[in-house]
Amino acid sequence: LERVLDAEGSVVEGASVPDIDDDELRSIYREMRLARHYDGRAVSLQRQGRMGTYPPLAGQEAAQVGAAHALADTDPVLYQYRESAVPMVRGLDPADLLIYSMGFEEGNTALADVSVLPLNIGVGAHVPHAAGVAWAAKQRGDDEVACCFFGEGATSEGDFHEGMNFAGVFDLPAIFFCNNNGWAISVPRERQTASETFAVKADAYGIEGVRVDGMDPLAVYQVTRRAREKALDPPEGARRPTLIEAIQYRFGAHTTADDPSAYRDEEEVEEWRKYDPIPRFESFL
């Protein structure tokens, strides 16, 4: 498991800190804070009946913000319902995300301006789309990498395997970013796969699988940046896609229609709060 910061925000012995200037470090912190604030407001709006079901993201900010910063602004991004921070890092107005959640398709139109494809609701359904987008970029000769975000539950879908296999066979410039938060709704990680990890699934497609501390934005940035370089300009060998498994935890419910107390206890949640990415990164700064 790749990690730069320990639970207290100190650099792990032997770890290298990615070369990020102070302005970008502050941006990463500010955007994680913005995502957490947006998350709280969205839950509140849903409870007031002003918007539909909402999937909380608290606890998963580092994976989203760290990865988004490691990508180029022109890299096409495909995201699932819990990754609201990714388009916000790209500059999307949070109001557009809320408008969409309130039932107005117009909230999706601004995504095209920041190279983000429309929000995917179907679990794993966008993984083959990501392979297609990467294939198109390769055919055009563009210096772009398609980055596809999804939860570990998506690996139980056939779409995941089809997209991964296609990317591996055709050497596509793609990053498959698996947000492993431990729970696919109420199904624990160990009921999702008999594999030792999700990253090891990459072996079946002949590509690299990497595991990273998804609550450490510096480690996520470092791993994603390396995957991007491998997809476009590797120091040796052919361009190759990468599967990243980011280990993290969702502090809240799967959605506002879910009751997590029915399948997990508060002690588990509190144990993971020791790795909360925001105070952890704040201590580092």
Side-chain angles (χ1 to χ4, degrees), residues 35 38-39 42 46 51-57 60-61 63-65 67-68 71 74-94 96-137 144-167 172-181 183-185 187 192 198 201 214 224 241-246 248 250 253-258:
Y38 168 87
D39 192 62
Q46 193 282 328
M51 60 183 277
T53 303
Y54 172 75
L57 62 82
Q60 300 189 210
E61 297 89 351
Q64 299 177 32
V65 175
L71 301 171
T74 55
D75 287 339
V77 166
L78 298 90
Y79 76 117
Q80 210 157 302
Y81 42 77
R82 203 180 307 281
E83 286 103 21
S84 302
V86 176
M88 285 195 283
V89 171
R90 283 287 179 89
L92 188 74
D93 190 331
D96 286 315
L97 291 170
L98 290 174
I99 288 170
Y100 176 77
S101 297
M102 291 176 176
F104 296 92
E105 183 61 31
E106 293 86 344
N108 257 338
T109 58
L111 290 170
D113 297 331
V114 292
S115 298
V116 178
L117 276 72
L119 170 67
N120 178 68
I121 295 296
V123 176
H126 59 320
V127 180
H129 299 168
V133 170
W135 173 249
E144 295 178 353
V145 176
C147 186
C148 182
F149 295 89
F150 51 89
E152 84 279 4
T155 66
S156 294
E157 300 288 339
D159 292 323
F160 166 79
H161 302 281
E162 292 168 15
M164 290 284 293
N165 188 60
F166 192 89
L172 301 185
I175 299 170
F176 298 96
F177 198 103
C178 176
N179 287 300
N180 176 8
N181 65 19
W183 293 93
I185 308 183
V187 180
Q192 283 292 315
F198 290 101
K201 293 180 183 291
T224 308
T242 300
L243 170 62
I244 297 172
E245 178 189 357
Q248 58 207 278
R250 61 170 165 86
H254 172 71
T255 72
T256 47
D258 173 43

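- C178 contributes atom SG, which lies 5.5 Å from atom CD of E245 (distance to the nearest 0.5 angstrom).
- Screening residues 110-124 for salt bridge (Lys or Arg N to Asp or Glu O under 4.0 Å) gives no qualifying pairs among residues at least two apart or on separate chains.
- Closest heavy-atom contact between D96 and A110: OD2-CB, 3.6 Å.
- Partners of Y79 by ring pair (Phe, Tyr, Trp, His ring centres under 6.0 Å), not counting sequence neighbours: none found.
- For the ring pair (Phe, Tyr, Trp, His ring centres under 6.0 Å) test, residues two or more places apart in sequence or in another chain that qualify with F177 are F149.
- Residues meeting the side chain to side chain donor-acceptor pair (under 3.5 Å) test with R82, sequence neighbours left out: H254.
- Every side chain to side chain donor-acceptor pair (under 3.5 Å) that N179 has, sequence neighbours left out, goes to E83, Q248.
- A heavy-atom distance below 4.5 Å is found between the side chains of L111 and P87.
- For residues 115-136, the set of pairs meeting the side-chain hydrogen bond (donor to acceptor under 3.5 Å, both in side chains) definition, not counting sequence neighbours, comprises N120-H126.
- For T74, the side chain to side chain donor-acceptor pair (under 3.5 Å) criterion is met by no residue, not counting sequence neighbours.
- Counting only heavy atoms from C-beta outward, the side chains of I175 and D75 never approach each other to under 4.5 Å.
- Applying the ring pair (Phe, Tyr, Trp, His ring centres under 6.0 Å) criterion to F160, with sequence neighbours excluded, gives F150.
- Listed by chain and number, the residues in a side chain to side chain donor-acceptor pair (under 3.5 Å) with D258 are Y263 (sequence neighbours excluded).
- Between L92 and V116, the closest side-chain pair of non-hydrogen atoms is not below 4.5 Å.
- Applying the side chain to side chain contact (heavy atoms under 4.5 Å, CB included) test to T109 and every residue at least two apart in sequence or in another chain returns nothing.
- For E106, the side chain to side chain contact (heavy atoms under 4.5 Å, CB included) partners two or more places apart in sequence, or in a different chain, are F104.
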Give the intermediate values and the outcome of side chain to side chain contact (heavy atoms under 4.5 Å, CB included) for residues L98 and M51. CA-CA 8 Å; L98 290 174; M51 60 183 277; 4.1 Å; yes
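- In this structure the side chain of T255 never reaches within 4.5 angstrom of the side chain of Y81, judged on heavy atoms.
- The two atoms that bring A131 and G163 nearest to each other are CB-O, 3.8 Å, heavy atoms only.
- Under the rule for a salt bridge (Lys or Arg N to Asp or Glu O under 4.0 Å), D39 has no partner lying at least two apart in sequence or in another chain.
- Closest approach of A253 and P56 over heavy atoms only: O-CD, 3.4 Å.
- Of all heavy-atom pairs between M164 and V127, the closest is N-CG1, 4.4 Å.
- Annotation: side chain of R90 is in contact with side chain of L71 (closest heavy-atom distance under 4.5 Å).
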